[in-house]
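The residues of the chain are indexed from 1 along the displayed sequence. Start at 1 and go down the list; that is how both ligands and their atoms are numbered. All values below were derived from every heavy atom in this structure, side-chain atoms included, with hydrogens, water molecules and symmetry-related copies excluded. Computed from a predicted structure; not experimentally measured.
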Amino acid sequence: MECSKPKKIIIAIDGFSSCGKSTFAKTIAAKLGYIFIDTGAMYRAVTLYALEHGAIVSGIVDEEKVIALLDDISIDFRFNPERGASDIYVNGDRAEGRIRTIEVSNCVSRVSSIRQVREKLVAMQQAMGRQRGVVMDGRDIGTVVFPNAEMKIFMTADPEVRARRRYDELLAKGDSVSLEEIRANIVARDKADMTRAISPLRQADDAVVLDNSHMTVEEQMTWFMERFDRIACGR
Ligand SMILES: Nc1ncnc2c1ncn2[C@@H]1O[C@H](COP(=O)(O)OP(=O)(O)O)[C@@H](O)[C@H]1O
Ligand SMILES: Nc1ccn([C@@H]2O[C@H](COP(=O)(O)OP(=O)(O)O)[C@@H](O)[C@H]2O)c(=O)n1
């Protein structure tokens, strides 16, 4: 049912923690030949750098120190054919595995609430999307980064399902974390992200909600392609 010349658009995917935004965005990008940008990875990369450079000690984020480090942090994405997605690099070093630990997860919402951090990363994200043909996932893509995106999806899933998915993922990687710790992190992060002063997580007025608690990625793609064809092919 796809048209021969679909319009290149911007697809904004926002939503709660660990509900499958990146998995969905990556699958969409592969199907459409679009660029996929995981903006959460960028906030995680800044958090990792802050942890490694003394701006976060015993879980306490020193805001002034994080701000002072910002000019030293350079972030880029490089396509990894093995993963079928881009890996994040911080100052030239691959950081993909190191940004997904529970230690980073426990500090990232505090770091992402800092105005200067958001200004730097949002400017980078807007530059990455300038040529369109981009699917970007995060918390403020449809509301702040690309308020004019042609397609906006707000994802959610049952918190228990989300905790279990993240738990299985970390377990498979060999991380030793408890389901309880992950559940607590997800709940705390959602709350912090929704209540922060700058660019809080919220559904854009023109976003479509996707609850994937009981959907496979394949079912999500069927749901998506129907809407994409309508928008990009003018059906
Ligand atoms: N529809 C789905 N059904 C089952 N598991 C899923 C689904 N979508 C994603 N997952 C799994 O859930 C976990 C979190 O997905 P991820 O894409 O990293 O979420 P987010 O980007 O929202 O944090 C991953 O382990 C992923 O493989
Ligand atoms: N556009 C974005 C993306 C992420 N973030 C922050 O970065 C954190 C990590 O994002 P993520 O997408 O990697 O989180 P998960 O859902 O993968 O656990 C979030 O909890 C937010 O605090 C943000 O503030 N704005």
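Against a heavy-atom cut-off of under 4.0 Å, Arg166 is close to the following atoms of ligand 1: 14 (C), 16 (P), 18 (O), 19 (O), 23 (O). Residue Asp193 approaches ligand 2 through these ligand atoms, each under 4.0 Å from one of its heavy atoms: 19 (C), 20 (O), 21 (C), 22 (O). Which parts of ligand 2 touch Ser112 is read off a 4.0 Å heavy-atom cut-off, strictly below it: atoms 6 (C), 21 (C), 22 (O), 24 (O). Residue Gly40 has at least one heavy-atom neighbour below 4.0 Å for each of these atoms of ligand 2: 3 (C), 4 (C), 10 (O), 11 (P), 12 (O), 13 (O).
Residue-to-ligand polar distances place Arg118 within reach of ligand 2: an N/O pair is separated by less than 3.5 Å. Inclusion of Gly20 in the set of residues having an N or O under 3.5 Å from an N or O of ligand 1 is warranted. Any N or O atom pair closer than 3.5 Å counts here, and Thr216 shares no such pair with ligand 1. Taking only nitrogen or oxygen atoms, main chain and side chain alike, Arg100 does not reach within less than 3.5 Å of ligand 2. Polar contact with ligand 1: present for Lys21 (N/O pair, distance under 3.5 Å). In terms of N/O distances under 3.5 Å, ligand 2 is approached by Thr39. Between Tyr43 and ligand 2, not a single N/O pair is under 3.5 Å apart.
Looking from atom 25 (O) of ligand 1 to the surrounding protein, the closest heavy atom is Glu169 OE1, 2.8 Å. Considering only non-hydrogen protein atoms, atom 21 (O) of ligand 1 sits nearest to Ser22 OG, 2.7 Å.
Of the listed residues (Arg44, Arg100, Arg166), just one forms a side-chain hydrogen bond (donor to acceptor under 3.5 Å, both in side chains) with Ser105, and that residue is Arg44.
The shortest non-hydrogen separation linking Ala25 to Val135 is O-CG1, 3.5 Å. The two residues Ser112 and Tyr43 come nearest to each other via the heavy atoms CB-CD2, 3.5 Å.
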Stepwise, does the ring-ring contact (aromatic ring centres under 6.0 Å, His included) test hold for Phe154 with Phe16? CA-CA 9 Å; Phe154 190 84; Phe16 296 104; 5.6 Å; yes
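Within the 3.5 Å criterion, the main-chain N or O of Ser199 finds a donor-acceptor partner in the side chain of Arg196.
Between Gln125 and ligand 2 there is no heavy-atom distance shorter than 4.0 Å. In this structure, Met42 has no heavy atom closer than 4.0 Å to ligand 2.
Distances from atom 18 (O) of ligand 2 to the heavy atoms of Met194, Arg196, Arg189 show the closest one on Arg189.
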